[in-house]
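Here's the structure, in structure tokens; my notes come after.
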2 protein chains.
Amino acid sequence: MAIGLFDSGLGGLTVMKELMRALPEEKFFYLADTAGSPYGHKSPDWIIERTLRSIDFLLQQKVDLIVIACFTASIYAQEIAQKKTPIPVIGMISPLFTESISTQKSVVLLGTRNTIQSGILQRLLVEKHPAIDLLSIPCPLFVPFIEEGWSDHPSLFLVADRYLAPAKEKEVLLLACTHYPLISSVIQRSLPQTQIINGTNWVAKKVQSLLPERARQSGPPSFYVTTDQARFQTLATSFLGISIPQVSCVELVV
Amino acid sequence: MAIGLFDSGLGGLTVMKELMRALPEEKFFYLADTAGSPYGHKSPDWIIERTLRSIDFLLQQKVDLIVIACFTASIYAQEIAQKKTPIPVIGMISPLFTESISTQKSVVLLGTRNTIQSGILQRLLVEKHPAIDLLSIPCPLFVPFIEEGWSDHPSLFLVADRYLAPAKEKEVLLLACTHYPLISSVIQRSLPQTQIINGTNWVAKKVQSLLPERARQSGPPSFYVTTDQARFQTLATSFLGISIPQVSCVELVV
């Protein structure tokens with residue numbers, strides 16, 4: 001099977017890493033809409049349009065299943081994208097995400113401004129865990145830092161300390177942005193006592209459940225961006241720890 | 001006269017402040033395309049489209065002159081916007097900018113990734129000052145910090161130190177982004193010996209020269225954004241030091 005993933009940049013690679021581990025013999029296509037990055041504070045209409053264009057591009061690559069590897073795009077565009085697409089379109093928002101909390105706990109939720117302001121994850125969490133003590137924090141500077149490749153710079157430690165200061169007493173922290181696992185050590189440094197739950201882990205299970213007969217399709221993953229392929233190539237190689245001989249720059253058309 | 005300004009966010013306010021000082025009796029309309037921010041690494045086509053939509057909106061407000069108060073948008077869209085627009089459209093790129101350097105000097109140019117990669121300002125500077133010793137540094141994290149309202153946070157000091165480390169020996173620093181004057185004290189902190197030249201200063205002169213008969217149009221400035229008016233209102237009030245009772249959220253249409 002061929003699996004297509006899309007994100008605004010590097011974040012979706014955390015999802016792809018999980019999928020490649022669970023499904024090592026499938027073929028992957030990864031599209032990073034670097035020209036549209038970051039998505040976290042854009043208008044819903046804009047996010048829907050970019051998502052639909054990205055899905056069209058992946059369909060042209062003849063994928064069998066698409067993962068919207070971005071919480072912000074999943075929140076605004078997954079439902080409408082699924083209606084317009086003849087193959088499964090998996091988003092990051094799922095009840096499975098809220099099941100990652102096993103008992104009533106004090107929880108802090110981190111995401112982009114859009115993800116937090118939408119309130120969707122908060123509603124899911126409260127439905128599942130009515131007695132939850134929940135704090136939500138938008139962290140708009142995290143994605144620009146990650147996309148700049150500064151995931152371990154001391155300036156980012158200070159940014160994390162400032163965002164996370166109100167979360168000192170929380171037991172559990174949920175990462176509701178696919179970029180954030182790339183800086184989980186920095187987040188852990190600011191909150192050493194807190195258990196970090198990565199919101200991307202369950203996607204591999206869901207994809208596996210949707211691939212009943214897995215016709216293996218060989219070949220290394222293919223990578224596409226919408227601007228600046230050299231920078232993506234350097235950062236993605238470092239993060240995935242695999243050789244990425246080629247990244248193609250494409251234009252998203254309506 | 002009514003003067004329209006447009007930028008991706010807060011940066012254009014540095015231009016508006018200059019204009020309000022020079023032309024205190026004119027009426028100003030300011031549009032911040034906050035939903036499209038930041039512009040610094042977007043594709044040229046995208047920047048052109050957002051610029052043309054923004055200009056259409058300002059024309060509907062019946063302005064007599066438009067300032068593209070953003071270097072990135074000026075580089076890609078000013079010429080095409082002027083061709084399509086019946087009133088003057090002033091951009092930030094002008095030979096006047098290069099005249100701000102009086103003699104041959106060692107110079108560092110700061111801008112967004114797009115502004116630096118375009119090479120346009122570098123060419124203008126070398127044409128005017130053939131013996132110039134010129135270093136260019138893209139600083140993509142500066143705009144996200146300014147738009148987050150963290151213009152004096154210690155994390156930004158470390159970010160500035162890292163970007164500016166190669167510029168220690170330079171005599172003159174040119175700010176080729178209308179956002180950067182908002183953090184000029186942070187930049188000066190990293191380079192205490194360097195003279196900072198603000199690339200926005202000359203615009204007021206140019207606008208004055210284009211307003212031969214100034215029919216005064218009274219009224220306080222009007223502000224528009226494309227998302228999140230509350231945050232813009234807070235930050236813009238603090239920066240301009242005037243009361244901003246209302247910010248309207250508008251949608252840019254083709």
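Numbered from 1 within each chain, the chains take letters A, B, ... in sequence-line order.
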Please report all inter-chain donor-acceptor pairs (under 3.5 Å) between chain A and chain B, with distances to 0.1 Å.
unit_1: A:Ser37; atom_1: O; unit_2: B:His41; atom_2: NE2; d: 2.3
unit_1: A:His41; atom_1: NE2; unit_2: B:Ser37; atom_2: O; d: 2.3
unit_1: A:Arg113; atom_1: NH2; unit_2: B:Glu148; atom_2: OE1; d: 2.6
unit_1: A:Glu148; atom_1: OE1; unit_2: B:Arg113; atom_2: NH2; d: 2.6
unit_1: A:Glu148; atom_1: OE2; unit_2: B:Tyr163; atom_2: OH; d: 2.7
unit_1: A:Tyr163; atom_1: OH; unit_2: B:Glu148; atom_2: OE2; d: 2.7

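- Not a single ring pair (Phe, Tyr, Trp, His ring centres under 6.0 Å) links A:Phe223 to another residue, sequence neighbours left out.
- For A:Phe157, no part lies near chain B; criterion is any non-hydrogen pair under 4.5 Å.
- A:Pro144 pairs in a side-chain contact (heavy atoms from CB on, under 4.5 Å) with only one of the listed residues (B:Pro38, B:Pro140, B:Pro144), which is B:Pro144.
- The CG atom of A:Leu141 sits 7.5 Å away from the CG atom of B:Leu141 when rounded to the nearest 0.5 Å.
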